[in-house]
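Remarks on the structure that follows.
Just so you know, these numbers come straight off a predicted model, no measurement behind them.
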Amino acid sequence: MNDGASAGGYAGQVLRVDVGGGSSRTERLPGEWIEKYVGGRGFVAKILYDEVPPGTDPLGPLNKVVMAAGPLSGVFLPGSGKTHFGAKSPATGGYGDSNIGGHLSPELKMAGYDVLILEGAAADPVIVVIDDGKVSVRPGGEYWGKGCIEAETALKRDLGEDFEIAVIGPAGENLVRFACISHDFGRQAGRTGIGAVLGSKKVKAIAIRGTHTIPLADPEGLRELGKSMYRACFSKPGFREWTPNGTAGVTDWVNEIGAFPTRNFQTSYFPEYKKINGDRLRADIHLTDKGCMGCPIPCGKYSLAKVAEGQAHVEGPEYETIAMIGGDCCLADINEVGYANYVCDELGLDTISAGNVAAFAMECYERGLLTEEQVGRPIAFGDLPSVLYLFRKIAAREGIGDLLAGGVKAAAEKIGGGSERFAIHVKGLEWTGYESRYAPAMMLSYATADIGAHHNRSWAITFDVARGRGKMEGKPEKVVELQHVRPLFDCLGVCRLQWVEIGFDLEWYERVFPLVTGRKVSWDDLLRVSERVWNLTRAFSIRHVPGWGRAMDRPPARFLEEPVPDGPAKGHLITADQMSELLDNYYALRGWDNNGRPTRGKLEELGLDDVAKHLWG
Amino acid sequence: MYRVRVNVSGHAREYFPAERLGAWIELSEPCPVARILAGWSVSPELVMAVFIDGVKAGLESVAPNGAEILIVTPPAGG
Ligand code: SF4
């Protein structure tokens, strides 16, 4: 068994901080974790499974926030600035995690740690400061109440520009269940509400400065291969075409195939999409590009958005924000989308869930399920002041905002009147930027993603297009394949966009892994790790949430009952029978039972014997 | 004889015939990009943008003899 401290690519230590008591301690990184879980998302899943017992209140002191680097984080290769956060999710009650770009994990490793675990809860606001081996929990009252960007600016001023900061905004402080963690003035670990878990611990910020060197098995070999990897990125034919617009470049395509969330997913085509697409971003508001550590294809588009209320610098909007605040709330002006993006960023709201929740509220209002008196003013699709009003109320948990701060599932349970049929989520996590009634593989991806409705585990919509959008055959196979490949990047601690966006070849990662770690593993070995982690996160959620299984692997009623009313996907939906067939095949491929529970045999095959005992006795 | 070279960018490259990409292909007469893809049984919906010798074009564009065609597939946004 490898010893964590001697393996290249790892700092070799886990840092635990009791934010209530103010104490901290270090532990050696177990070799078993390296071998079985690799890093990043794998470490997060392992720690949460072992240390957060069923019954834990996601916003109580027994929940933990885990931040983890991967073995490739911070080393000389494209896109190595990725960091993984995790906690029991206040949005779903199940396993929650979210990935963030920037510079956090390299700094954490240079400070001497692969993993940071925050435990307990403070009585008053604090900040956690990690300055190499010196770890302190300090009063943070002066930063509490500030927006994310404002607080990050103040913390850098007070602690030093060379600290890397993760911070929450008012939404996290007020326990909004889709509050994010922010870093690098506009990057977010947005999903599953981990910002609220930090808020429940009264942790405003984590500040890290590291000065050590990350150990490498073969520095010379890595230098040479790293150079080749950058050259390979630059020489990819898509490099020049993708980089100018970043992810926003996909807006036209998603509309043209009829998959763009519009009017709270009532339809899948926004006629004014050319006013909020990548070209408009580039031409109207873009100032410069901004990327994570060592990224040759920076997807961050730093912009200046101007609206009647004022103007603001913002990193973005990227595609998901364009889809959920633009299309789904019907804002047909890239300046408006950019400005609303900025407001979310300061408040510390996940733009995906925030846009989804605002659109849900506007549909409830249109249908008379929410009154002007309840909302506090009229609200309407396409109206920026309505959207900003809702975001601010939610972050403050004032009036209608308190009702909406639990997300669309919780809000629909309170509002009633059939609103649960158009509350667009899976398991309590709001749906993201791909309307999937004419894309069965994508629909299955959302239904089975381990954190609730999320696109990044398996972006299968091009497979739907390539293999026939109405066909069911082969779709579960592709979803399983992607659910292992894509999250593997989150274990490695490296960005996947070089692969998915410009076609950077996967074989590079198999080649670079031994140069960093000294361990030769095949790509198939790594995929096996990813499958193990997938089963572990599934088991976590099954143990924590009654009914987590087939009944919850399900799209909202709107997608099963209402055909798309117009646009390129007009007339299409997925029937309940088709969905059931997709799930049957998916579970069989995974080695799960008919209710979506990993079987004892599958768990033991993956070396998860303890998990098998928990699930099956 | 009409010769063009087709390259594909992005992860959806896997849905194109690998042996054809980056190689010169020969056809009896000039034809639109869409017809080349149809001959490969590739859905035009997989195409986000077309560039001919570095200049933005479209699926109905006919590349000149000896041109390089770049097909950009959709990025997995966000
Ligand atoms: S592509 Fe974007 S998210 Fe990925 S490393 Fe580059 S800047 Fe970061």
Applying the side chain to side chain contact (heavy atoms under 4.5 Å, CB included) criterion to B/H11, which one of A/L497, A/V500, A/V485, A/L482 satisfies it? A/V500
Test side chain to side chain contact (heavy atoms under 4.5 Å, CB included), reference B/P74, set A/T462, A/T251, A/I461, output is A/T462
Sequence neighbours excluded, the answer for side-chain hydrogen bond (donor to acceptor under 3.5 Å, both in side chains) partners of A/N341 is A/D345
Exercise answer: donor-acceptor pairs, residues 13-23 of chain B side-chain atoms, under 3.5 Å, sequence neighbours excluded:
unit_1, atom_1, unit_2, atom_2, d
B/R13, NH1, B/N7, OD1, 3.2
B/R13, NH1, B/V8, O, 3.0
B/E14, OE1, A/K478, NZ, 2.7

Can you pull out the residues in residues 64-72 of chain B with any heavy atom less than 4.5 Å from chain A? B/L70, B/V72
Members of residues 38-53 of chain B whose heavy atoms come closer than 4.5 Å to chain A: B/S43, B/E45, B/L46, B/V47, B/M48, B/F51
Atom group of A/F463 that falls short of 4.5 Å from chain B, counting heavy atoms: both
A/R496 versus chain B, heavy atoms under 4.5 Å apart: side chain, backbone, both or neither? neither
